[in-house]
Visitor: 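Handing you this structure, nothing more for now.
Residue numbering restarts at 1 for every chain, and letters A, B, ... go by the order of the sequence lines.
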Amino acid sequence: MAELKFAETHEWIKIEDGKGKIGITEHAQDELGDIVFVELPDIGKDIEKGESFGVVESVKVASDLYAPCTGKIIAVNSELQSNPQLINEDAFGKGWIIEIEISNEDELNDLLNESEYKEMI
Amino acid sequence: MLKKTPLYYNHLESKAKIIDFHGWQLPVEYVGALKEYEFVRNQSGLFDTSHMGRIFISGENAGKFLQCICTNNLDRLKIGEMLYTTACNEKGKMLDDFMVYRLSDKYICVVNSANRGKIYNWLCQYNAKKKFSVSIEDKSDSLGMIALQGPLSFKVLSAELDLTDLYYLEVKDVNIGTTNFIVSRSGYTGEDGFEIIADNKSIIELWKKLLKDNKREVFPCGLAVRDMLRLEMGYSLYGNDIDESKSPIEANLDWIVDFKDGEFVGKNILIEEKNNGVDRKLKGFRMIDKAMPRTGYKIFKNNVEIGRITSGGFSPMLNGFIGMAYINTDFANDKEIINIEVRDKLYKAEVMSVPFINSNVIRRKSVLS
């Protein structure tokens with residue numbers, strides 16, 4: 001059973017078998033407005049918790065994406081290159097951005113659960 | 001205290017996202033900029049432009065007076081026409097860019113919201129100093145203004161207002177009962193469309209009626225899509241592309257600088273710039289590499305900085321990224337390849353002339369007599 005956690009910087013991470021799919025929240029996509037470009041990282045890159053791993057550009061603003069935890073990037077959603085609006089349409093599903101191999105599961109305890117995140121926004 | 005247009009509560013009712021735009025609470029989007037883009041290019045979009053300034057100038061010498069303020073040639077402007085102009089200070093730098101309407105008994109300057117007070121004061125001072133004795137009235141607060149833009153504009157607005165014999169950059173009074181509508185065929189999108197000025201109450205009624213009677217043909221639109229549409233047309237935005245540190249020659253607005261007979265403020269410096277050239281020019285560019293160009297980003301050629309972006313964004317029509325920038329004149333040539341710095345990396349772009357896309361405005365067919 002996958003577990004969904006949230007960063008205060010509005011990324012979500014779906015955790016299953018030591019891996020995590022990462023995207024931005026429904027609230028974040030709504031705030032950003034129409035997304036027209038996503039700068040994706042390279043597969044194989046190591047990222048640290050809190051490090052910027054990419055950028056989403058909406059009609060209005062550029063917004064950095066921050067890693068909710070440390071890990072190695074094992075997949076990127078390349079469909080976003082031709083259809084960045086997938087994030088607007090389905091932020092928690094088809095709009096996922098990267099997948100990582102989580103290197104330190106302890107860090108996940110610092111993240112928010114769904115009700116804590118909802119309270120924050 | 002943020003200002004509200006007469007349509008503010010209508011925007012709230014329509015669930016628009018509201019932002020602070022130069023001190024005005026205005027809708028940035030209703031259902032999303034990209035959807036609103038399709039409305040304007042394929043059907044019609046309704047914009048609240050009440051925040052803009054509407055300054056009325058009348059009196060025997062009103063035309064002569066404006067001729068001294070504006071860089072464009074007011075002598076060419078007949079009753080029922082409008083033109084685009086800048087007004088410069090003594091240094092030839094732009095105080096504002098605006099439209100001048102000529103009606104039978106007056107001229108109207110529709111100026112940028114942020115420059116309303118500045119232009120009003122400028123006009124009053126010049127009027128007093130040169131003893132023109134024209135009447136200058138800022139009617140922005142008592143009048144509202146909306147713009148209907150898109151291919152269906154004529155059809156839907158015809159049901160409300162008489163649009164007979166009105167073509168691009170023409171303006172007329174349409175009186176219904178005791179209400180005076182000042183209607184022009186003009187806009188900031190490159191589409192056929194109209195801009196309407198009337199008292200606040202009548203503007204609210206017209207706004208509501210247009211949306212209610214044409215649910216599948218008229219859609220309210222916000223500032224985000226307005227910016228996208230104007231950028232595709234290469235229209236300058238005051239505060240971004242032009243301001244008091246730039247001249248109309250630098251801004252590639254030579255076409256609205258007419259070295260007409262008689263003096264106008266800034267004329268001598270602009271003649272000098274026209275003859276000797278300027279160091280930088282406002283040009284369009286299109287990204288070759290995929291990256292989003294934004295205001296303030298630096299432009300390089302052979303690792304030397306040659307300019308700065310003043311507007312940038314996504315063009316749905318071109319399905320690519322475009323922008324405008326002041327570029328060192330040596331490199332401000334069409335097809336020049338430039339590098340744009342986005343988050344410490346350089347991305348290739350190509351310099352081009354604006355507009356980026358063709359306009360769909362409907363002009364009067366010239367009748368030679």
Visitor: With only heavy atoms counted, which part of B:Val28 is less than 4.5 Å from chain A, the side chain, the backbone, both or neither?
Guide: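 Answer is side chain: those atoms of B:Val28 sit under 4.5 Å from chain A.
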Visitor: Side chain from CB out, backbone as N, CA, C, O: work out which of these in B:Met292 comes under 4.5 Å of a heavy atom of chain A, or both, or neither.
Guide: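 Both backbone and side chain.
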Visitor: Give me the ring orientation class for B:Trp207 and B:Tyr30: parallel if the planes are under 30° apart, tilted from 30 to 60°, perpendicular past 60°.
Guide: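 B:Trp207 vs B:Tyr30 ring planes: tilted.
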Visitor: Heavy atoms only: give me the nearest B:Arg308-B:Gly296 pair and the separation to one decimal.
Guide: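 That would be CD-O, 3.5 Å.
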Visitor: Could you look at A:Glu57 and say if it's the side chain, the backbone, both or neither that has a heavy atom under 4.5 Å from chain B?
Guide: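 Contact with chain B involves both backbone and side-chain atoms of A:Glu57.
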Visitor: Do you know which of A:Lys60, A:Gln85, A:Gln81 has the most heavy-atom pairs with chain B at a distance under 4.5 angstrom?
Guide: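 Sorted descending by pairs with chain B, the first entry is A:Lys60.
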Visitor: Let me know if B:Lys17 has heavy atoms under 4.5 Å from chain A in its side chain, its backbone, both or neither.
Guide: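 When you check distances to chain A, only side chain atoms of B:Lys17 fall under 4.5 Å.
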Visitor: Give me the ring orientation class for A:His10 and A:Tyr117: parallel if the planes are under 30° apart, tilted from 30 to 60°, perpendicular past 60°.
Guide: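 It falls in the perpendicular class, over 60°.
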Visitor: Decide if the gap between the ring center of B:Phe321 and the ring center of A:Phe37 is smaller than 6.0 angstrom.
Guide: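 For B:Phe321 and A:Phe37, the ring centres are under 6.0 Å apart.
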Visitor: So does B:Asn112 get a backbone contact from the side chain of B:Asp96, meaning a donor-acceptor N/O pair under 3.5 Å?
Guide: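 Checked: pair present.
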Visitor: Could you tell me which portion of A:Val61 (side chain, backbone, both or neither) has an atom closer than 4.5 angstrom to a non-hydrogen atom of chain B?
Guide: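 Contact with chain B: backbone only.
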